[in-house]
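Input: a single structure, listed below in C-alpha cells.
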Protein chains: 2
Amino acid sequence: MTETSEPTPTDILPSGAEIETRRSADGSERAYNTIRKLLVEFKLKPEERINEVHLAKTLGVSRTPIREALNRLASEGFVSLTPNRGFFVRSLSTEGLLDLYELRSIIECAAFRLMCDRADDDQIDRLRGYWDAIVDGYRDHPPDVILTEDEGFHLLIAELSGNPELFNQLSAINARIRFIRRIQIEHRSHNKNQVSSHSAIVAAAIRRDVEGGVELLRQHIEMTVSATQQALKDALLKVFSPSEPTARKHRGRPRSA
Amino acid sequence: MTETSEPTPTDILPSGAEIETRRSADGSERAYNTIRKLLVEFKLKPEERINEVHLAKTLGVSRTPIREALNRLASEGFVSLTPNRGFFVRSLSTEGLLDLYELRSIIECAAFRLMCDRADDDQIDRLRGYWDAIVDGYRDHPPDVILTEDEGFHLLIAELSGNPELFNQLSAINARIRFIRRIQIEHRSHNKNQVSSHSAIVAAAIRRDVEGGVELLRQHIEMTVSATQQALKDALLKVFSPSEPTARKHRGRPRSA
DNA sequence: GAACGCAATAGTGTCGACACTTTCTTGACG
DNA sequence: CGTCAAGAAAGTGTCGACACTATTGCGTTC
C-alpha cells in the first residue's frame, strides 16, 4: 500500500503556484502564503493531519521552510501543533467561529468608537471616499473582490482608530474567518443589506454618531453571523462531499494556538 | 577582534536554566520559553539584533529549534523579522505600549460584559473565591507572585466570558506587557488601589452590574497605564544604564508582527 | 476470532553543513 | 583626512541526513 487515496504532489496546488526549481524568492515566505491559501480554500481539510514531507515535495522546498510557515500559522490559529505528532488543520466548528465573530464585533465596535473620537474630518472623508469608490459595482463583483473590498472597509475603520494593534488584531481575525466568509458571500443571500449597512455606517461616522454607528456595526456583523450559520452547513457539505473519508481523530492535547 | 563586549555563552542565561547535554525535553518548546523569558527580563535588549548561533550555543541546541521559537515569538509580537537580516527584539516605545493597554481594556471590558450576561452564579462565585483566597497577603507577595495572581484574576474573567478567543487574546496581550508590568509592580506605587479595585469589580460582578463593573475595569486599567508611564522611564533607565552601547539602527522594514 | 504484543513503516524533531546575503575591515585614491 | 571599493568575516536561509517517536500491519495466543 504505497498510496491510494493520498493525493500525489502537485494535485493540491493552487493553479497560480507552480513548483520552482531555481533557488530564490524567499522559500519560507512563499511557503507561508501558499499553505495559508491551501487552508483558506479547504485544499487542506479540517482536522486533517499535515504531512510535512509531502507538503515539502509539493512546494518543491525542504521541510525547514515548511515548518517555519506552519509554526507561524500555528501562532495565528490556522493549525495546531501536537508534539511528536505534527500539525493539524484547525477544526471547523460552529462554536469556534461564533466566538471569532464575537471577538470581531468587539474589536470593530471599539475601533469605530475610537475613530469617531480621534479621527479628523479628512480621515473620515477617506472612509467615505473608499466606500463611494466601490459602492456602485459592489454587488456585481466576483466574490473574492467583494471580500477584499469588505475587509478593506472594516480595516480602514480599524486603521482610523489610530491604534495599530486594533488593525493587526482585525487583520488576524479576518484571515481566520476568510475561508467561511468567502463561501458565505458566494451565497449572496444578504449582500444587498450589506451595501446599505456600509453606507449607514459611513453616515454615522460623518455625524460622529458613536452609539448609532456602534449599533449599526453590531447588527451588521450579527447579520453576517446568521448568514454564516447557513454558509457553514454548505461548507461542511462542500468539504466532505467527495465522499472523502473523514480524517481520523487524534488523541492528545495540541499546544498553544 | 574575536569578541570583546559580546557576552560569552551562559552569561545571559536565567539562573534556572542550565545547558542540557543529554537529548530530551523538547528543545523547541524549551527554547521558546527560555527566549521568551530573556525578552521579558530584558536580558535581550530592545532593538537589539538577535544572533541565532550565539543563542543556539547558549541554549545548547542547534539553530533549528531556535528559529522555530523565534518565528513563534515573531507572530506574537515579541520580536520582528527582517528578511536576510534576522530577528530583532521588539522596540520599547511608549506609544506601542499604550496601544496595547487600550486593546487590553477593550478586551477586558467586553469580557466582563459577557461574563455578567452568561456566567451562572456558581461561576461568579469562582471569581469571588479566587479573589478571596489571595486578597489577604496580596500586597506583601513578591512581585512575580502578584503579577501572576493579578493576571489570573483578569484571565478568569475572560474565561468566564465563555468565549475562549477572548481568553487567548488576553493571554497574548498579557505576555507582551508582562515585562513592563513587572517593573511597575516593583514600584508598588498603587498596589493598594489595585486591591480595592479588584474587590469592587468582584462586587459588581455579583450584583451583575455590567455598566458599573465595566467602568471600574476601565478605570482600573487606566490607572495601571499611568503607573506604567512612570515605570517605563525606570525601565529605560534600568535597561540602558550599564552604559551598554545602544544597539545600532537597522534599515529595511520588518515583516509582519 | 478477538485481544495483545511485536516488528516494520511512516513521520516528526534536530543536527551539521553549505550557499547566499549583509556587514565589517582594510587599503587605495581623491 | 575623508570617500569609496574590494575582500574578508559574520550571519541568515535552506538543505539532506539521521535519531527518536508514533502508527500501522501482522502473527501469536487464549
Side-chain angles (χ1 to χ4, degrees), chain A residues 1-6 9 19-32 34 48-74 79-89 245 247-255, chain B residues 1-6 9 19-32 34 48-74 79-89 245 247-255:
Chain A
M1 54 136 289
T2 41
E3 51 179 81
T4 49
S5 66
E6 196 76 277
I19 294 182
E20 296 270 344
T21 319
R22 67 196 153 77
R23 129 181 344 224
S24 67
D26 194 13
S28 181
E29 182 76 6
R30 204 172 59 86
Y32 172 81
T34 311
E48 187 176 287
R49 184 173 182 173
I50 295 177
N51 187 327
E52 297 174 11
V53 274
H54 183 202
L55 204 48
K57 258 181 208 151
T58 306
L59 300 198
V61 295
S62 86
R63 278 173 56 221
T64 310
I66 297 286
R67 283 182 63 87
E68 295 210 345
L70 287 172
N71 270 297
R72 277 175 74 186
L73 290 165
V79 301
S80 63
L81 169 57
T82 310
N84 284 324
R85 293 192 12 91
F87 294 88
F88 293 82
V89 181
R248 28 196 158 339
K249 302 286 189 301
H250 66 279
R251 310 184 301 269
R253 169 169 301 274
R255 176 178 83 188
Chain B
M1 57 144 295
T2 41
E3 51 179 80
T4 49
S5 67
E6 197 75 278
I19 295 182
E20 297 270 344
T21 320
R22 68 193 154 77
R23 128 183 343 226
S24 66
D26 194 14
S28 180
E29 182 76 6
R30 202 171 61 84
Y32 172 81
T34 311
E48 187 176 288
R49 184 175 183 173
I50 295 177
N51 187 327
E52 296 173 11
V53 273
H54 182 205
L55 205 48
K57 258 181 206 148
T58 307
L59 301 199
V61 293
S62 85
R63 278 173 56 223
T64 311
I66 298 287
R67 283 182 64 86
E68 295 210 345
L70 287 173
N71 270 296
R72 275 175 75 186
L73 290 165
V79 301
S80 62
L81 170 57
T82 310
N84 283 325
R85 293 194 9 93
F87 294 89
F88 294 82
V89 181
R248 26 193 159 337
K249 301 287 189 301
H250 65 278
R251 310 184 301 270
R253 169 170 300 274
R255 176 178 85 188

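Treat the numbers as computed from the prediction; the structure is a model and nothing was measured. We name chains A, B, ... by the order of the sequence lines, and we start the count at 1 in each one.
- Listed nucleotides: dG13(C), dT12(D), dT14(C). Nearest to the side chain of Ser28(B): dT14(C).
- In the set dG13(D), dC15(D), dG13(C), the nucleotide with an atom closest to the side chain of Arg67(B) is dG13(D).
- As a whole-Å value, the separation of Asn84(A) CG from dA10(C) P is 19 Å.
- Proximity note for Arg49(B) (side chain, C-beta onward) versus dC15(C), dC15(D), dG11(D): the nearest is dG11(D).
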Which is it for Tyr32(A) and Glu68(A) under the side-chain contact (heavy atoms from CB on, under 4.5 Å) test, yes or no, and what are the steps along the way? CA-CA 8 Å; Tyr32(A) 172 81; Glu68(A) 295 210 345; over 6 Å; no
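- Partners of Ser62(B) by side-chain contact (heavy atoms from CB on, under 4.5 Å), not counting sequence neighbours, listed by chain and number: Thr64(B), Pro65(B).
- Residue contacts for Ile66(A): at a heavy-atom cut-off of 4.0 Å it reaches no nucleic acid atom on any strand shown.
- Remark: Asn51(A) is in phosphate contact with dG11(C), judged by side-chain N or O atoms under 4.0 Å from OP1 or OP2.
- Glu68(A) has its CD atom 12 Å from the P atom of dT12(D), to the nearest Å.
- Across the protein-nucleic acid pair, Glu29(B) atom CD and dT14(C) atom C1' stand 15 Å apart, rounded to whole Å.
- Comparing Thr64(A) and Val53(A), the nucleotide of DNA chain C nearest to each residue sits closer to the 5' end for Val53(A).
- Here the OG1 atom belonging to Thr34(B) is positioned 10.0 Å from the CD atom belonging to Glu29(B), to the nearest 0.5 angstrom.
- The CD-C1' distance, from Glu52(A) to dC15(D), rounds to 15 Å in whole Å.
- Atom CZ in Arg30(A) sits about 16 Å away from atom P in dG13(D), given to the nearest Å.
- Atom CG of Asn71(A) sits about 6.5 Å away from atom CG of Asn71(B), to the nearest 0.5 Å.
- Whole-Å rounding puts the Leu59(B) CG to dC15(C) P distance at 11 Å.
- The CZ atom of Phe87(B) sits 16 Å away from the P atom of dT22(C) (whole-angstrom rounding).
- Judged by atom type and distance alone, Arg63(B) reaches the base of dG13(D) through a side-chain donor-acceptor pair under 3.5 Å.
- Checking the phosphate oxygens (OP1, OP2) of dC15(C), a side-chain nitrogen or oxygen of Ser62(B) falls inside 4.0 Å.
- Separation of atoms CG (Leu81(A)) and CG (Leu70(A)) is listed at 9.0 Å; rounding is to 0.5 Å.
- With rounding to whole Å, Lys57(A) atom NZ is found 14 Å from dC15(D) atom P.
- At the heavy-atom level, Leu70(B) lies nowhere under 4.0 Å from the strands shown.
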